[in-house]
Undergrad: 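Here it is, the structure in full.
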Amino acid sequence: MFDYRNFALRKLAGIAPRYLPFADVATDDVPLSRLLRLSLFQVTVGMALVLLVGTLNRVMIVELSVPATLVAGMLALPLLFAPLRTLIGHRSDVHVSALGLRRVPYIWKGTLYQFGGFAIMPFALLVLSGYGDAVDAPRWLGLSSAAIAFLLVGAGLHMVQTVGLALATDLVEEQDQPKVVGLMYVMLLVGMVVSALVFGALLENYTPGKLVQVIQGSAVVTVALNLFAMWKQEARDRNRAETMRVTPVVTFSTAWKTFVANPGTHRLLVVIGLGTFGFGMADVLLEPYGGQVLGMSVADTTKLTALLATGTLFGFGIASRVLGAGGNPVALGRIGAAIGMPGFAAIIASSLGGGTLLFLAGTMATGVGAGLFGHATLTATIRNAPPNQIGLALGAWGAVQATCAGIGVALAGIVRDVLVGLEVSAGLQPATPYTLVFTIEVVFLGLAILAAAPIGYLATKRRQSDSKRTTADSQQNPVEVI
Amino acid sequence: MSDDPDKVWPTGLNLREAEEVHSYLIDGTRVFGAIALLAHLLVAVATPWLG
């Protein structure tokens with residue numbers, strides 16, 4: 001008699017490895033195509049960031065006429081999740097899975113939350129703004145559902161980015177890590193630029209239906225890109241699953257103590273915070289500064305952002321090359337901050353008679369500085385991370401970086417608004433609020449350089465002590481297929 | 001095929017692995033379900049389609 005059971009088994013066994021979402025082997029050399037595919041998760045993160053900070057910010061205020069303070073509050077909600085990135089990274093480090101997976105389950109969960117947030121967001125916003133019959137709806141319904149939507153998106157994107165970066169770090173050898181960091185940053189930038197253009201074009205003629213289509217469309221794109229990015233990236237590993245099962249649980253506080261016991265860790269986090277804050281404050285002010293103080297047209301100021309992005313790309317490129325050749329990341333981070341300082345000085349000087357050309361040069365310089373600084377500090381974080389705490393280290397990096405960037409942007413806006421309000425009554429120059437913010441940035445970058453000074457020494461000392469470190473959990477025992 | 005009594009036919013996963021895969025399915029269904037419910041509720045508030 002025909003043995004159906006055996007036949008089906010053999011057929012299934014034959015197709016399974018090709019279509020399973022896990023890699024069969026985590027090979028030593030990961031091809032570029034696979035890394036490019038993995039870096040797609042950064043595109044979705046960039047897309048979510050642009051949608052929150054750029055597109056929805058405008059749509060909620062202009063088209064939906066939601067009060068500006070409420071909008072600011074809603075958009076700040078995802079920031080609440082930034083400190084939790086440390087915990088998420090730690091959880092992925094000590095994750096217990098029968099399949100031997102550590103990162104992919106968290107990327108998947110993060111994707112789910114991000115998708116869920118985008119799925120309910122347009123309706124929540126429509127209810128919040130009192131569209132259609134929602135005028136009669138109780139106020140708390142719109143408020144709480146919009147809050148849930150923003151929280152879900154924030155939680156999702158922080159999870160995806162933290163754990164995705166940890167997975168990328170797991171996959172490559174140490175000497176290739178700078179290239180991967182560069183790639184991840186470039187993809188984030190690409191995601192942000194492309195989605196800003198696409199959202200701008202799609203929402204040109206705003207209708208509520210368009211809003212629903214755009215936001216839910218980005219939800220679908222998020223899931224599609226993240227699934228494609230995760231596919232076959234992490235190996236199924238029975239030996240590791242067995243190790244996970246018998247390893248005693250490491251609590252977060254213990255892991256954190258071990259992590260900061262590393263010399264230089266605290267200091268590096270402080271440097272990242274100061275520098276990110278310094279560079280981050282400029283993002284939202286360059287365009288109004290060019291327009292109001294230097295009298296540039298709207299089209300010209302939009303090109304400023306492109307110039308800044310070009311500078312940042314240059315910075316990433318240089319950093320990838322220098323660090324890939326074995327350069328010291330902390331020293332390079334200091335150079336990045338040191339390039340940023342005269343950049344901001346030039347931007348200040350341009351309003352004191354320096355002219356537009358000086359302003360453009362300053363913008364470019366801050367872009368290059370920000371690129372160098374961001375790349376170098378992330379590479380330093382990865383290099384300093386103990387091999388079994390990569391998730392925690394990247395979580396700490398992300399928590400500090402996202403929090404400080406967010407606070408920087410918010411503070412820059414507040415300082416500017418307050419001073420612009422004072423300007424009329426106190427008779428200040430139009431350039432004064434901006435000059436103040438740019439001066440604060442120079443100061444913070446200077447502090448970052450000072451704080452970074454002793455790290456190089458500590459790092460070399462540490463490097464000598466554990467130069468024979470190998471990747472502790474190199475994935476050498478994949479599941480045998482059949 | 002190995003003769004591990006734990007293996008679940010026909011995937012070749014053992015019991016714990018199969019249960020973990022299943023847990024992802026269950027979790028996903030719950031999250032998607034909750035989100036779909038909330039989204040429907042909000043749409044019904046803005047543009048009622050019943051009554």
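Letters go in sequence order (proteins before strands), and every chain restarts at 1.
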Undergrad: Counting heavy-atom pairs closer than 4.5 Å to chain B, which one of A:Ala137, A:Pro105, A:Ala241 comes out on top?
TA: A:Pro105
Undergrad: Any idea which heavy atoms bring B:Leu41 and A:Leu141 closest together, and the distance?
TA: CD2-CD1, 4.4 Å
Undergrad: Can you confirm whether more than 12 heavy atoms, excluding those of B:Phe32, are under 6.0 Å from its CZ atom?
TA: yes
Undergrad: Chain B: which of A:Ala124, A:Ser97, A:Ala119 shares the most heavy-atom pairs with it under 4.5 Å?
TA: A:Ser97
Undergrad: Please report the C-alpha distance between A:Arg238 and B:Asn14 in whole Å, then the side-chain angles of each, then the deciding distance to 0.1 Å, and finally whether the side-chain contact (heavy atoms from CB on, under 4.5 Å) criterion is met.
TA: CA-CA 10 Å; A:Arg238 271 196 185 135; B:Asn14 64 34; 4.0 Å; yes
Undergrad: Do A:Leu99 and B:Arg16 come close enough that some side-chain heavy atom pair is under 4.5 Å?
TA: no
Undergrad: Indicate yes or no for a side-chain donor-acceptor contact from B:Glu20 to the backbone of A:Ala98 under 3.5 Å, with no hydrogens or angles considered.
TA: yes
Undergrad: Who among A:Ala134, A:Ser145, A:Gly117 has the most heavy-atom pairs with chain B under 4.5 Å?
TA: A:Ala134
Undergrad: Would you compute the distance between atom CG of A:Leu101 and atom CD of B:Glu17 and round it to the nearest 0.5 angstrom?
TA: 9.5 Å
Undergrad: Less than 4.5 Å apart, any side-chain heavy atom of B:Val45 and any of A:Phe123?
TA: no
Undergrad: Would you check if B:Ile35 and A:Ile120 make a side-chain contact, meaning some heavy-atom pair closer than 4.5 Å?
TA: yes
